[in-house]
Amino acid sequence: MGKRRKVILPPELPPETPDEEFEISDEDVEFFSENRSFTNFLASFDKKKIDKHVTRVADKSEDEIERLYERRNRNNAPLDSRENDLQVDPVDALPIKTLDGKLQYRTTKNVRSEEGNVSTDLTGEEDGEKQGTNLIRLTKAERNKKLKKEKKEAKKLKEDEDIAPNSPKEKLRSEVLKEVEEEISAEESFGAKKIKLAEIGMALLEGPEANIRSLKELLDFCKDRDPQVVKLGLMSMLAVFKDIIPSYRIRELTDKELAMPVSEAVRKTRYYEYTLLRSYKSYLQKLIELQKEAIFKLVAVRCMCTLLEAAPHFNLSEKLLAGTVRNISSSDDVIRKLCCEAIKSLFKNEGKHGGEGTVHAVRLIAQLVKKHNCQLHPDSLEVFLSLRFDEDLGKHENKAEEKNKFTKNKKGKQEPMKHLPPSEKKKSKQELIAKTRGEVYADYKAVSFAPDSEKRQRMQSDTLSAVFETYFRILKHAVDASDPRFMSETSGFHAQPLLAPCLEGLGKFSHLIDLDFMADLMSCLKQLSGFSSGTHLQSKTFNVKNSDSNRSYNGLTVSERLQCCIVAFKIMKSNLDALNVDLQDFFMQLYNLLLEYRPYRDRGEVLAEALKTMLWDGRQHDMQRAAAFIKRLATFSLSFGSSEAMTALATLKQLLQKNTKCRSLLENDAGGGSISGLVVKYQPEATDPYLSGALASVLWELSLLSKHYNPSVSQMASNILSMTNLKPTQNIVNPSLIALNPIQAFWESTVQKELLKPMNAKVPPSLKRKRKREQDTEYNVLDPQKLRNIDSEVIGEEEVKLRFEEHFKVLRDISENERFKGELNRTLASISLYDEFKREKLEKERSVALKSGKKKAKVLVKHSSSS
Amino acid sequence: MAKKLGKKARKFARKGLQTVQKQKRKQRTFFKKKSAPRGRGLNGEAPDENEENLNHERNVSQLDQNVGGGHVFDKNIGNLLGEEDEVELEDDFSDSDGYLSEDTECPYISENENENISRDDTARGTFQEENTEIKMQIAKQKKELDKLLAKDKEFAKFLESRRSQLEQYDRMVSDDEEVEGDEEEEEEEEQEEQTRQPVTQTTLDVWCWLVTEDPNSPALRNLLNLYHNASLFGVITSRNEKSAQIVSHEVYSTVINFVLCEADGIFRALLGVAENSNAERILMKLKSSKEWLNVGPLVKSYFKSSIKLLNQVTDTMLLVFLLFRLMSSVVFLHAFSSLGRRLIKILVRFWSTGEDQLSTSAFLLMKEVASQLSSDYFNICMKAMYRTFVARCKFVDDSNLARIDFMKSSFLEITSLDVQQSYLVAVSSLQRLGDVVKHSSTTKKKEDLMKINNWQYINCLNLWVKFICLNYKENNLQQLFDKAVRVIFGVTSLFTGPRFLPLKLKCAQMLNDLSLTSGHFIPVSSLVFECLDLTGGVTGKMDGDEEPRLKLSTLLKVPGNLLKSRRFQEECVRSSVEVLCTHFSQWSFHVSLPELSTIPLILLKRCHEKATVESVRRLIKRFIDQAEQNRDFLQMKRDGVSFSPNDQTSIDNFLLLEKSNAKSTFTQFYASMLQNSQIRNMVK
């Protein structure tokens with residue numbers, strides 16, 4: 001192991017040892033005697049290659065190797081004296097330095113474990129040798145040498161240890177020296193490691209086939225003690241793998257295939273693939289292992305995500321997926337984002353992996369949701385929104401066939417007319433053609449990589465079922481939680497983190513939902529959107545108890561409830577008329593939710609979407625309902641900001657256009673008009689749109705809205721008002737505004753957008769410029785009376801005189817005070833200077849005395865010290 | 001002692017500033033050589049870049065000095081300010097010294113009888129005791145020194161050699177004067193050459209008499225010189241033993257008093273303009289007349305000395321007196337732009353930090369300056385005031401609420417003098433405020449939000465909102481209005497949650513103000529819905545009545561522990577009801593009031609049901625009743641009309657009569673409610 005830690009150094013050449021000194025291990029002998037054929041590699045021993053391999057670094061740059069050797073020598077230097085005495089080979093006697101600056105002398109135990117390692121390595125190697133290439137043998141030979149060398153080292157070290165205690169002093173000094181050196185060299189070695197990493201990486205990228213073995217070396221970096229090195233190692237391996245992973249999946253070879261003799265090229269490729277796969281596997285293992293450690297977590301996750309994005313088709317992608325999905329709901333924002341992005345890209349680029357990855361990922365997420373009882377981060381479910389389902393899959397082919405049939409039929413119709421008697425020969429010929437065509441098609445299908453549509457369809461339905469299973473699970477969970485019995489447990493905290501993305505997903509994929517589920521789903525949604533005729537009173541009591549007014553009694557926010565309504569509508573729309581469910585309840589919900597909406601707390605865009613799907617897009621509405629909504633929307637826009645008002649007005653306008661009869665609301669018809677509904681008088685607080693009696697009201701709001709500060713709102717309001725003059729069939733006053741649907745209207749006038757509007761810095765011409773002088777007694781803001789009083793408060797001359805005198809005295813005293821203080825300080829300083837003066841005097845005397853004689857000086861010194 | 005403290009503090013402040021200025025002046029001279037000669041216009045020319053940077057730096061440091069302590073928003077002050085900074089002063093004082101050449105004929109009467117400066121008249125005895133004590137000590141130490149000197153003859157020589165070292169002790173004491181002196185170096189220099197005889201009371205009386213008899217008398221110069229001396233009194237005496245002409249307090253006070261009271265009249269008489277003739281005439285005179293050549297230097301000396309005096313005097317009443325006296329001769333400042341700027345600087349300082357009376361009179365004088373003199377002065381005044389306001393409104397509490405209010409309104413007074421000029425400043429400031437919101441709404445970072453959620457920002461915003469409200473009717477401020485509304489909505493959109501309710505309420509109030517002046521409809525009610533949702537469920541302990549009332553006007557963000565307290569909820573509901581009240585009362589006779597009040601009333605009713613605190617319930621109930629009354633009244637009236645919503649003129653005329661009468665109970669209720677809120681928000 002120790003050897004490997006000093007990777008930067010080129011592998012030390014074993015000391016020149018005469019051949020007879022070589023001991024051959026029993027194992028080896030056994031092996032070679034068993035497989036005699038393997039020995040013939042010795043004949044084709046490429047010495048050049050060995051040299052190159054062994055002194056690889058030297059080949060790269062001479063300066064570099066020189067530096068390395070120099071440093072090694074320097075490290076040796078303190079040991080030199082002792083080692084010379086001992087006559088130990090300097091190369092072997094080196095202690096191992098660890099990165100934290102400790103010295104490790106090789107112990108027997110160390111060596112033993114090394115041996116163990118090597119032997120296991122060897123057995124591993126033997127498997128590989130079945131594929132037999134030169135390269136492996138080379139290392140084999142190298143390994144033998146190494147093994148011997150290490151044994152030797154162990155021996156020497158033992159000696160070392162025996163002798164060391166004899167010279168403790170020496171050791172102490174050298175150790176201190178070494179420590180210092182190692183501190184320096186730790187940095188250097190880090191730099192060197194980096195260089196080495198880069199070299200290996202470059203080599204791999206340049207010629208992956210030739211250098212595939214170095215993957216193992218790279219992998220060794222990941223076992224380094226320095227976390228920095230490990231990270232670098234991981235990242236460089238990632239870069240390498242990203243580049244060299246082939247675009248196909250590597251298949252395990254069967255025994256039969258292995259037994260078959262193959263050409264050189266095939267063998268090479270097989271070896272290459274095998275090595276690649278093996279190191280990839282161990283790399284993944286390493287990643288999964290490191291992922292558990294806090295310092296490496298981010299790096300490991302990043303590697304996995306990148307790999308998943310780059311090579312979702314490759315072997316072991318299941319492992320990658322599992323690792324990624326595990327972190328999809330991580331509390332760390334960065335990690336979660338990474339994982340989500342990776343999964344999303346997996347979904348988006350199905351062509352890369354043929355859809356298998358998608359099914360797998362979706363299943364994994366479904367399991368995760370189940371396992372965590374729907375308590376995950378919303379992001380983890382949002383990835384489903386990137387899923388794409390090809391509806392025409394399968395249908396497409398059927399259609400094509402049908403089309404073919406159709407055209408055939410057509411042709412067939414025509415043909416028989418021309419050639420009435422179909423000859424037997426032609427018939428058989430046609431059959432033959434058809435048959436060959438079929439064969440060719442089958443062949444093509446077998447060869448082509450793309451899975452056939454049937455398989456894809458199957459996978460897609462699997463995916464769908466997993467997705468909907470998850471969605472339904474969440475809905476169910478939400479419904480359960482919204483049960484008043486569980487309120488105490490779930491209230492106060494956002495109990496349904498996944499509900500929002502779930503609803504969004506349901507809305508998006510509503511057309512794919514099986515009709516069988518429809519009824520259940522609708523009732524779920526109904527419950528969630530807050531509809532329960534009997535519980536309205538109850539809800540109030542709950543509201544009182546639960547001070548958190550953000551949520552309604554069922555624990556959902558207004559946005560979520562609006563979303564429920566939207567989903568219900570989308571489902572209904574996409575399964576047009578297939579079900580005959582009355583959506584009145586949802587309308588009622590919306591009608592009431594308009595009052596619950598709070599800007600900035602609830603998401604305005606959801607409201608806009610709800611208005612769009614439920615009112616704007618809808619078909620002709622019932623007159624009563626339309627009127628009720630028109631009235632409420634108008635009222636709504638009086639109380640909320642401009643973007644909400646715009647949304648409401650856009651919807652209102654559309655409603656007015658579609659329901660021409662409701663335009664009577666724009667006019668104040670004296671007697672309530674001919675078309676008043678059941679309720680004669682308008683009830684603004686009604687909860688049921690049918691009972692509001694809105695038809696009896698007048699849209700007075702618009703007159704106030706036309707005074708709105710926001711020009712677009714006021715324009716819209718006047719625009720709507722001008723619809724009065726239109727004939728029932730006529731439409732549109734201003735084409736620019738009608739194009740706006742509620743969602744666009746919302747985004748058009750958000751606060752942020754409004755802020756972007758530039759301001760003209762030019763002074764408007766009509767600005768008043770008061771020509772001052774005349775008006776200087778006029779006050780706008782301040783109380784003039786008070787200001788006038790100020791004049792009278794000014795003190796009289798006598799008082800001023802007195803005060804100035806006082807002021808003068810103070811000033812005089814202060815200056816006097818300062819003068820005195822200065823004088824005092826000066827005097828004190830003079831006194832203190834006396835000491836200095838005395839000392840100087842003494843010194844002078846002493847210097848005089850020094851000249852006159854030493855004895856005298858001594859006396860003086862004594863004198864001065866005593867004084 | 002208070003006096004002394006005040007002086008010390010002010011000295012410190014000035015000292016701080018001066019060091020900066022000193023450094024700056026050094027650099028300035030360096031730059032000045034390069035830059036083109038400065039014209040008369042105060043900041044008409046574009047300052048070169050270096051200078052601007054300098055100014056900016058200076059500004060920041062100055063503001064720091066003023067407030068003492070950094071603040072998050074500090075960096076933004078520069079931003080909030082207008083683009084160009086005031087061109088600094090200091091470039092004067094070189095062309096002429098403070099003294100006027102004197103006529104030798106003037107009589108000096110020296111009588112020694114009343115010159116015995118009796119010590120017993122010393123002021124307040126504060127320094128007297130200390131001085132006598134020090135004197136005694138000096139005597140003691142001197143004795144000791146003498147002993148030493150006697151003991152060792154060589155010591156005297158040694159001391160002589162160390163004289164320079166000893167001098168330093170002197171200087172150390174008067175250290176702060178040194179800095180002061182820095183400003184007045186010119187005076188110091190020529191002080192050397194001046195050896196004037198002390199002026200006695202009798203001499204002074206004679207001079208005064210001479211001058212009152214004939215304004216042209218040469219004694220005027222002597223008087224002004226004496227006045228100048230007096231203004232320097234504290235500074236000079238500390239360093240130069242030979243001290244000036246003034247030795248008695250009577251002379252000091254008489255000369256100041258006389259000059260201050262009479263100077264204006266004398267100057268006018270000399271120039272030949274009537275006592276109360278208007279400014280234009282004087283300005284004309286200033287430009288052309290020959291008399292000005294003679295009188296000019298006198299006026300300049302007068303102003304210069306007065307400004308010095310303003311720096312010296314600490315007594316508020318004296319300062320007020322000084323300012324008041326200076327007011328009448330403001331017109332003359334036109335000729336001395338640098339002195340004017342200097343004066344403005346001092347005035348702004350008084351305005352922002354002085355006591356009630358002082359700041360008011362400083363403001364009055366400033367207004368005089370801004371209105372009487374050219375628009376350059378107006379600009380300087382306005383910007384200096386704005387800058388100071390920005391620097392001083394970082395914190396709001398009970399103690400400085402009134403001050404900030406005063407600053408706001410006096411600033412508005414100044415700006416309304418020339419809307420055209422201030423419009424530009426308003427545009428750029430609002431633009432900056434808007435940029436901050438825009439930036440924060442994209443980043444949503446906490447530190448960016450902090451830039452908005454502070455008093456400085458809100459106060460500035462409020463200031464400009466008030467500006468718009470004040471001038472909207474007579475001017476076309478539509479653009480400013482739009483921008484302000486957008487910025488306020490932007491601010492409200494950034495903060496959610498009950499903790500920011502005070503901030504939102506403040507925004508709502510501003511919107512109400514804007515709506516009221518502009519006649520535009522601004523949907524304010526949604527801002528208080530959050531507040532209404534909050535009520536109910538008081539968890540905190542019921543505070544006793546003796547608990548001080550929570551003042552939302554001094555809060556932006558509510559501390560967490562208060563959120564559930566009864567006091568807070570009460571205040572919140574009250575404030576939001578007030579906001580709604582203003583909103584409703586504005587539209588109380590509009591045809592669509594019933595619809596306007598629909599949603600708020602629904603929510604209020606819900607709130608009423610939820611509320612547990614009796615006072616809150618009562619408050620809401622009363623409001624609901626009145627609002628419903630209003631609604632019913634309008635509905636009734638509305639049923640009787642035949643016009644439609646698109647008939648704008650009829651709608652405008654709807655219920656005009658009732659509106660002007662305003663006798664219904666609900667209008668009275670609204671009025672009383674608003675009145676109460678104003679009273680409550682005032683400082684006790």
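No part of B/F495 comes within reach of chain A, as not one of its non-hydrogen atoms sits under 4.5 angstrom from that chain. Heavy atoms of A/K838 lying under 4.5 Å from chain B are absent altogether. With a 4.5 Å cut-off on non-hydrogen atoms, A/E840 touches chain B through its side chain but not through its backbone. Neither the backbone nor the side chain of B/K466 has a heavy atom closer than 4.5 Å to any heavy atom of chain A. For B/V487, the parts lying near chain A are the backbone and the side chain together; criterion is any non-hydrogen pair under 4.5 Å. Only the side chain of B/L603 comes within contact range of chain A, with at least one heavy atom under 4.5 Å from a heavy atom of that chain. For B/I651, the part sitting under 4.5 Å from any heavy atom of chain A is the side chain, from C-beta outward, and nothing else. Both the backbone and the side chain of B/T492 have a heavy atom closer than 4.5 Å to some heavy atom of chain A. With a threshold of 4.5 angstrom between heavy atoms, A/S706 approaches chain B through side-chain atoms but not through N, CA, C or O.
Most heavy-atom pairs under 4.5 Å with chain B, from the set A/L594, A/L828, A/L702: that is A/L828. Of the listed residues (A/E644, A/K841, A/K631, A/K707), the one with the most heavy-atom contacts under 4.5 Å to chain B is A/K707. Residue with the most contacts toward chain A among B/G434, B/G519, B/S592: B/S592 (heavy-atom pairs, distance under 4.5 Å). Ranked by heavy-atom pairs under 4.5 Å with chain B, the list A/S703, A/P711, A/S639 is led by A/S639. Taking chain A as the reference chain and counting heavy-atom pairs below 4.5 Å, the highest number among B/L527, B/T442, B/V591, B/T496 is found for B/V591.
Put simply, CD on A/E596 and CD1 on B/I602 are 9.5 Å apart, with the number rounded to the nearest 0.5 Å. Put simply, CG on A/L704 and CG on B/L593 are 9.0 Å apart, with the number rounded to the nearest 0.5 Å. Atoms CD and NZ, from B/Q137 and A/K821 in turn, are 11.0 Å apart once rounded to the nearest 0.5 Å. Remark: A/E701 CD to B/L596 CG distance equals 9.5 Å, nearest 0.5 Å.
Listed by chain and residue number, A/H708, A/Y709, A/N710, A/V713 satisfy the side-chain contact (heavy atoms from CB on, under 4.5 Å) test with A/S642 (two or more places apart in sequence, or in another chain). Partners of B/K438 by salt bridge (Lys or Arg N to Asp or Glu O under 4.0 Å), not counting sequence neighbours, listed by chain and number: B/D435.
Residues B/F521 and A/L638 approach most closely at CZ-O, 3.2 Å, considering heavy atoms. The two residues B/E595 and A/T635 have their closest heavy-atom pair at O-CG2, 3.4 Å. Residues A/V698 and B/P645 share a closest heavy-atom pair of CG1-CG, 3.4 Å.
Here the side chains of A/F640 and B/P523 are not in contact, with every heavy-atom distance at 4.5 Å or above.
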